[in-house]
Amino acid sequence: MNGAYALDWLAQSARHSMSAQRPIGFNSFPCRNTPTSAKTKNNLTARRWNTVTSQGSVGYKLLPNRKPTSPKSMNNFTSGRWSYTRMKLTPLAIAEPLTSSSPETNAITENEEENKFNWFQQWYPAAPEYDLDKRVPHAFRVLGLDIVLWWDKREQEWRVFDDSCPHRRAPLSEGRIDEDGDLQCSYHGWCFGSKGECKYIPQVPSDGPPVHTFKKACARVYPCLQQQGIIWFWPNTDPQFKDIAVEKRPPFIPGLSDPSFPCTLSMRDIPYGYEILTENLMDPSHVPYAHHGLVAQTDTARVSGSPKSDRRAGKPINLRLKNLEKSGFQGENEQGSSNFVAPCVYVSDFSFTPKKGMGQTSISGAKEEKKNTILLVFICVPVSPGKSRLIWAFPRNFALWSNIFLPRWITHIQQNLFLDSDLYFLHLEEHKLQDYGQTNWEKACYVPTKADAFVVAFRKWLKQYAGNGVPWGEKYLYGTLPPTPPKEQLMDRYWTHVVKCRSCSGALKVFRVLESITPVLSIVCIAILGAKAIIKPMSLLSLNVSNSILVSGALVFFLASRWLPYFIHKTYYFHDYNHALVK
């Protein structure tokens with residue numbers, strides 16, 4: 001009887017361990033697979049199988065409903081009626097190797113906690129102030145948080161709120177700034193002041209209780225400030241962080257406040273994640289290939305004994321890492337230095353002599369070589385899994401005439417081409433890396449050269465200090481990326497840049513007007529020529545100035561009406577970049 005009971009017990013245990021009722025993510029700690037002695041068989045009836053949570057605080061006992069005492073009860077028992085009993089586990093029930101009470105171990109644990117990078121106790125850029133319209137609220141997503149930026153007319157400051165009305169959770173970014181300077185929700189008209197306090201609820205009777213003063217009626221407010229032309233915010237609405245700017249401020253970026261390095265900030269949403277965006281910007285060796293045809297090919301090198309060619313324009317790049325710590329790292333390149341300030345800011349500077357023999361006179365009268373310096377300022381913003389935002393600027397102390405004579409939208413054409421030229425395959429690269437897992441980057445990638453030193457340093461920083469990546473929490477499934485849409489949708493420029501850029505959106509409006517009036521102007525020129533032919537039939541045969549202008553105008557306006565739709569689409573909506581066809 002004991003042997004049959006033990007076999008039935010094991011069969012029921014195996015079935016229940018494989019059944020869907022077992023909680024996912026829990027680890028079982030059974031004993032041996034089969035009884036080996038009579039004593040073991042007897043003890044098996046009283047054995048308790050503990051299933052412990054990953055935190056080791058709550059567990060489940062897998063126990064039979066009752067102990068069989070008769071053939072009848074044995075038959076009932078073998079029918080497979082088992083129950084899970086929820087219980088609090090004592091410290092002895094948790095695996096001992098996972099914890100230790102020794103002072104040395106506790107000190108190491110505390111030290112590791114201090115060295116851990118806290119993603120939610122940092123300043124994050126929301127947007128450049130230049131492109132924000134003070135008349136309307138603006139919606140952004142940063143670190144998985146939906147926020148709304150709006151201009152407080154009373155205090156003359158920008159505010160950052162949670163983009164959710166406490167009434168029915170409608171987005172406040174779809175609201176308006178009313179005549180009194182409050183942020184009004186467009187769903188039911190609730191109004192909020194600069195500190196998130198509810199100022200007015202239209203549906204409350206004037207003689208009713210002041211329910212608008214309750215805490216639940218208030219909007220959630222994030223600490224924010226403007227620094228160097230960027231609106232920064234602290235991703236925590238807890239009141240204890242209300243004055244966090246006094247204790248800790250956003251990183252100060254060289255060049256953005258230096259009048260000898262004029263520049264403008266730009267922004268675009270990117271359809272791949274923060275990690276891929278950041279490491280790509282730290283990689284100079286991809287430029288002659290991923291951005292082929294967009295930069296001057298210099299310093300071509302012979303590869304594997306082959307002659308120099310435009311398509312083999314790369315060369316060994318000696319990147320040297322100076323130090324790596326929780327706050328980021330510093331490094332040196334062949335022409336300057338690089339600095340990563342975690343989690344968002346990456347700045348590289350490059351200095352060079354423009355022409356041989358050119359120089360400037362120092363105070364002592366000695367001739368010194370003039371150095372041209374350009375800063376590459378990249379601010380990488382984590383938005384959500386598989387999505388990021390890039391804010392960039394290129395301050396420099398030379399060719400300052402371009403900042404005066406070239407409109408901002410013209411420079412954005414070239415800069416958007418740069419982003420488009422490697423956008424598609426970086427999106428696909430991120431999906432391929434996902435197959436290896438978030439913690440296996442070094443196993444998935446082979447990086448044997450010094451040209452990858454900064455990329456490796458960034459991945460080491462992620463692994464050593466920052467938990468291998470952004471902790472998205474329960475809002476997003478771990479390790480999931482959005483699916484790949486059609487290429488034209490993935491590389492869209494309009495929604496990712498144009499609508500958020502004051503210069504490009506203004507230029508697009510002008511080109512749209514020209515697109516609509518150029519066919520009309522062409523017809524008008526032809527109509528005038530026709531009218532002249534009717535009035536004076538011989539006038540068209542004379543080569544006078546007016547006839548030449550009308551004919552030229554008709555031709556120019558016709559060609560412009562055919563060219564403008566093509567230009568508008570490729571500049572402001574979608575510009576494909578096929579590396580195999582680019583010469």
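In this text the structure is predicted, and so the values were computed from the model without any measurement. Note that these values count all heavy atoms, side chains included, but never hydrogens, waters or copies made by symmetry.
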Listed partners of K242 passing salt bridge (charged side-chain N to carboxylate O under 4.0 Å, His left out), at least two apart: none
Test item: H579 side-chain N/O and Y577 main-chain N/O as donor-acceptor pair under 3.5 Å: no
Listing, residues 457-473 side-chain donor-acceptor contacts under 3.5 Å, not counting sequence neighbours, or none:
{"from": "R459", "atom 1": "NE", "to": "E279", "atom 2": "OE1", "distance (Å)": "2.8"}
{"from": "R459", "atom 1": "NH2", "to": "E279", "atom 2": "OE1", "distance (Å)": "3.1"}
{"from": "W461", "atom 1": "NE1", "to": "K326", "atom 2": "O", "distance (Å)": "2.9"}
{"from": "K463", "atom 1": "NZ", "to": "E442", "atom 2": "OE2", "distance (Å)": "2.9"}

Carboxylate-amine/guanidinium contact E179 R176, below 4.0 Å: yes
D163 side chain to S173 backbone, donor-acceptor under 3.5 Å: yes
R493 with D420: basic N within carboxylate O range, under 4.0 Å: yes
Nearest non-hydrogen partners of D152 and G181, listed with the distance: OD1-O, 4.2 Å
Set of residues satisfying salt bridge (charged side-chain N to carboxylate O under 4.0 Å, His left out) with respect to E174, sequence neighbours excluded: none
R512/E515 salt bridge by N-O under 4.0 Å criterion: yes
H412 side chain to S266 side chain, donor-acceptor N/O pair below 3.5 angstrom: yes
R135 atom CZ: more than 12 heavy-atom contacts under 6.0 Å: no
Minimal non-hydrogen separation, S338 against N333, with atom names: OG-ND2, 3.5 Å
Expected output: side-chain R154 to main-chain D180 donor-acceptor under 3.5 Å: yes
Heavy atoms of other groups near K195 NZ, more than 12 under 6.0 Å: no
Ion pair R502/D133, N-O distance below 4.0 Å: no
Donor-acceptor contact present, side-chain E155 to main-chain S194, <3.5 Å: no
Heavy-atom neighbours of K500 NZ exceed 12 at 6.0 Å: yes
Partner residues of E247 under the side-chain hydrogen bond (donor to acceptor under 3.5 Å, both in side chains) criterion, sequence neighbours left out: none
For the student: nearest non-hydrogen atoms of D283 and A451, plus distance: OD1-O, 4.2 Å
Donor-acceptor pair, side chain of E275 and main chain of G273, under 3.5 angstrom: no
Distance, nearest 0.5 Å, that separates CG of L419 from CD1 of I270: 5.0 Å
Donor-acceptor contact below 3.5 Å, side chain Q226 vs main chain E129: no
Separation between CD of E332 and CG of N339, rounded to the nearest 0.5 Å: 11.5 Å
Interatomic spacing from CD1 in I147 to OG in S164 - rounded to 0.5 Å: 13.5 Å
Minimum heavy-atom distance C191-D182, with the two atoms named: CB-CB, 4.2 Å
K199 atom NZ: more than 12 heavy-atom contacts under 6.0 Å: yes
Partners passing ring pair (Phe, Tyr, Trp, His ring centres under 6.0 Å) against F418 (at least two apart in sequence or in another chain): H291
Test item: W441 and V456 side chains (from C-beta on) under 4.5 Å apart, heavy atoms: yes
Side chain E488, main chain Y573, donor-acceptor under 3.5 Å: no
Check: W563 ring centroid to F567 ring centroid under 6.0 Å: yes
Given W232, W234, F233, Y222, the one that forms ring-ring contact (aromatic ring centres under 6.0 Å, His included) with W123: W234
Within the 6.0 Å centroid threshold, strictly below: W150 and F192: no
H431 side chain to P482 backbone, donor-acceptor under 3.5 Å: yes
Main-chain N/O of N118 paired to Q122 side chain as donor or acceptor, under 3.5 Å: yes
D243 (side chain) donor-acceptor with V246 (main chain) under 3.5 angstrom: no
All side-chain hydrogen bond (donor to acceptor under 3.5 Å, both in side chains) counterparts of R389, not counting sequence neighbours: D269
Nearest non-hydrogen partners of Q434 and L481, listed with the distance: NE2-N, 3.5 Å
Considering all heavy atoms, the nearest R159-C224 contact: CA-SG, 3.9 Å
Near-ring test F398/F352, centroid separation under 6.0 angstrom: yes
Intermediate values then yes/no, side chain to side chain contact (heavy atoms under 4.5 Å, CB included), E429 and L433: CA-CA 6 Å; E429 173 190 314; L433 286 173; 4.0 Å; yes
